[in-house]
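Below is one structure, written out as structure tokens, with a few remarks after it.
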Amino acid sequence: MLRLGLIAVFASAGAALAQTWCGKNYMEGSPIVPPGGQFPIPATSFSPLLAFRCAPVIKPYLPEDAFTSAAILIDTPIVYSEIAGTAPVGIPEEGPLGVLSVIIEAEGKRLSTGIVPLNVTKYELSFSLLELAPKKGIYDVTCSATYAAHNGLETFTASTELAYVPSPTDGSSVVKMDARTGALLAKPATGNGGDYETVLPVGFFTGFTNYIAANLSLINEAQEKGYPTALAERGTDMTDQIHPIPTFGNLTQLQEVIARIEEVGMYLMYDMRWAYMNDTELTAQVNLVKNSPALLLWYTGDEPDGSSDPLDAAAHAYDLIYELDGYHPVSLCLNCYDYYWSNYTAGADIVMQDTYMISNNATFSSEWHTPCTPDFGDCGCDDCKGVFEDISERMDHFAYRLWVNGWDRSKTVWAVPQAFGDEDSAWDARYWTGWPTGPEFVLQSALAINHGGTGVIAWAAPTTDDIWEYASVLAQSSATLKEYILNDAAVFQHVFSNQIDIGLWTVGEKTLVLATNLNYANEMFDLATVPGLKTAPVVEVLHSGATLEGSVITFTSVGTGSFIFG
């Protein structure tokens, strides 16, 4: 857990601050009223549809990229559901599907042309940034395609936004997103120069005034433990949950904390949960922090769907942050299983989920003395079953919704594992009777990564020594894990058997295996059953209760292990 950052220590189950949670009544005696806001299920099509889509590979591009190859990604999947941007396509009943002739234009200028096969994803068409001038804001890009169908020519169009921005005049950091993988690309957080590298964030939300700002050596400890990411928020005490923070309250402490983060070379996620709906306060905080070379990303809404924040609040904050900064991505965390998901997610580049199912009664609230159903109740883990699969299901649903909306190239999903531990942390006894063990923390993180997570930011530090040490094991492995998980050349395979969840990323002749045991019992899995996997030679990457002998992984209860084969 990152003992780093600045965040008010208490946000998980905010039901007591609202009359509803996730749009549901939860007080005893309240009527059952369906909350609405469910994600619409796309209609099925009995004829083939083309989901023609395009997106820039990198956001944002800079003048420094002008003499390298920029590119637009083209997706051409054939689908049978009416997801965003689909249109009928006259493909042959048998034989080759054929190709599309694609033209890419930006505000009247032709950037690129190319031939793209049907039913492919992430097909790159290169273009030159020298055709454009860097500007604050975005270029509107149109992608047009022509297909020679059996009954004549068919045309398709898609649009996207291209950010080609001036280099920061103050020399501050720029963090890019790679649409091929969802990875963040950043230079070293010290500000002393260096190349862009992929970042697999492993960090924690943390307390500020009474924790990190009160003991700056915790930042050094976190860096020594291998944590690459620190999270921060200008919180001072619990009153900040209700009242806005004074614009420059604790300014000296904040500057000291950020300076120490830069000094040790950690990254910072700056949390504005208490300010994101106040334009004046948000503007002040963005302008205060945006020039730090350690800044990795912004964080705005914390469970805005749970507390039913205005549906356009996150998107409004997103637009304002990009107007003020434009060099760092924006994130938020959603708590609800399915409540106006698209409205809130529209205001983020990175959407997180915080499914806290450990030591939780997911079906009955002892606090409110009511059951929890899809239409009623608040048990702290919305529409959960109380099993680890709640995490993987939530991750899969988020990824599916991004795909349906056509956002799977422009947004990515991170996980917020349950890591509160003991009465001195963010533990909320109303909903949870205990806290995770270290191995349970690693399991949650690995499970989320196996289901598409590109970042792990846990709630919250301070935590138990057990979680702190096991999280360090994960953090120290992140530099190796990212070379596979965030590699655009990786071929991914997923295996789930007997509640053992395994992700496999193959790059060239080598395969990274990340395997976790969802059982509270010892288990074994023979990797020889995975087709095509070479099980020797092998290098261990992560050990959290899983050992390998030959091709067989032996797991302890809720154990996790990672290995590189080949």
Side-chain angles (χ1 to χ4, degrees), residues 1-9 11-12 173 175 183-184 186 188-190 197-208 211-213 216 218-233 235 257-258 260-273 289 292-299 302 328-333 350-354 412-421 425-426 436 438 441-442 444-446 448-449 453-464 467-479 481-482 485-486 542:
M1 342 216 89
L2 246 212
R3 301 202 168 184
L4 241 298
L6 342 175
I7 203 174
V9 182
S12 185
S173 68
V175 176
L184 298 187
T190 58
E197 295 185 356
T198 55
V199 179
L200 178 58
V202 178
F204 286 73
F205 291 97
T206 72
F208 178 48
Y211 184 59
I212 211 72
L216 295 180
L218 291 169
I219 298 172
N220 299 73
E221 179 187 343
Q223 188 272 338
E224 291 165 2
K225 289 290 186 181
Y227 297 109
T229 309
L231 302 201
E233 189 255 355
V257 168
I258 293 178
R260 183 64 65 89
I261 291 171
E262 294 171 358
E263 179 185 327
V264 303
M266 298 182 70
Y267 292 110
L268 168 72
M269 184 171 95
Y270 190 77
D271 185 339
M272 297 180 289
R273 67 182 62 196
V289 179
S292 170
L295 179 63
L296 188 68
L297 72 162
W298 305 103
Y299 183 83
D302 185 76
H328 303 87
V330 178
S331 66
L332 53 70
C333 182
I350 297 160
V351 57
M352 307 181 189
Q353 63 79 23
D354 58 354
T412 190
V413 183
W414 289 10
V416 182
Q418 179 180 346
F420 41 79
S425 73
F441 170 84
V442 177
Q444 294 176 79
S445 304
I449 291 170
T454 53
V456 174
I457 304 297
W459 182 265
T463 186
T464 64
I467 294 176
W468 178 248
E469 293 300 326
Y470 272 86
S472 175
V473 171
L474 175 65
Q476 292 181 48
S477 71
S478 64
L481 295 175
K482 73 175 186 178
I485 294 167
L486 302 181
L542 168 67

Do the non-hydrogen side-chain atoms of R260 and N220 ever get within less than 4.5 Å of each other? yes
Show the nearest heavy-atom pair for residues Q223 and V264, with the distance to one decimal. CG-O, 3.4 Å
Assess whether side-chain contact (heavy atoms from CB on, under 4.5 Å) is satisfied between V351 and L332, documenting all intermediate values. CA-CA 5 Å; V351 57; L332 53 70; 4.1 Å; yes
Validation row: F441, L474 side chains within 4.5 angstrom (heavy atoms): yes
Minimum heavy-atom distance S173-S292, with the two atoms named: OG-O, 3.2 Å
So, for F208 and V257, which heavy atoms are closest and what is the spacing to 0.1 Å? CE1-CG2, 3.6 Å
Heavy-atom side-chain contact between I258 and E262 under 4.5 Å: yes
Roughly how far apart are I261 CD1 and T190 OG1, rounded to 0.5 Å? 13.5 Å
Student check: side-chain heavy atoms of V289 and L268 closer than 4.5 Å: yes
Closest non-hydrogen atoms of A222 and M266, given as atom of the first, atom of the second and distance, are CB-CE, 4.0 Å
Could you tell me the separation between the OG1 atom of T464 and the CD1 atom of I467, rounded to the nearest 0.5 Å? 3.5 Å
State, to 0.1 Å, how close A471 and V202 come at their nearest heavy-atom pair, and which atoms those are. O-CG1, 4.5 Å
With heavy-atom distances below 4.5 Å as the criterion, would you say the side chains of L296 and M269 are in contact? no
With heavy-atom distances below 4.5 Å as the criterion, would you say the side chains of P329 and V175 are in contact? yes
Within the side chain of T198, is there an N or O that forms a donor-acceptor pair under 3.5 Å with the backbone of A183? no
Could you tell me if T454 and W414 have a donor-acceptor pair between their side chains, going purely by distance under 3.5 Å? yes
Could you give the distance from CD1 (I350) to OH (Y299), rounded to the nearest 0.5 Å? 11.5 Å
What I'd like to find out is whether the side chain of P462 reaches to under 4.5 Å of the side chain of Y211, using heavy atoms alone. yes
Is there side-chain contact between M352 and W459, with heavy atoms separated by less than 4.5 Å? no
I'd like to know if the side chain of S472 and the backbone of K225 have a donor-acceptor N/O pair within less than 3.5 Å. yes
Please find the pair of heavy atoms, one from I457 and one from P201, that lie closest to each other, and give the distance. CD1-CB, 4.0 Å
Go through the steps to decide whether L542 and V442 satisfy the test side-chain contact (heavy atoms from CB on, under 4.5 Å), and finish with yes or no. CA-CA 10 Å; L542 168 67; V442 177; 4.2 Å; yes
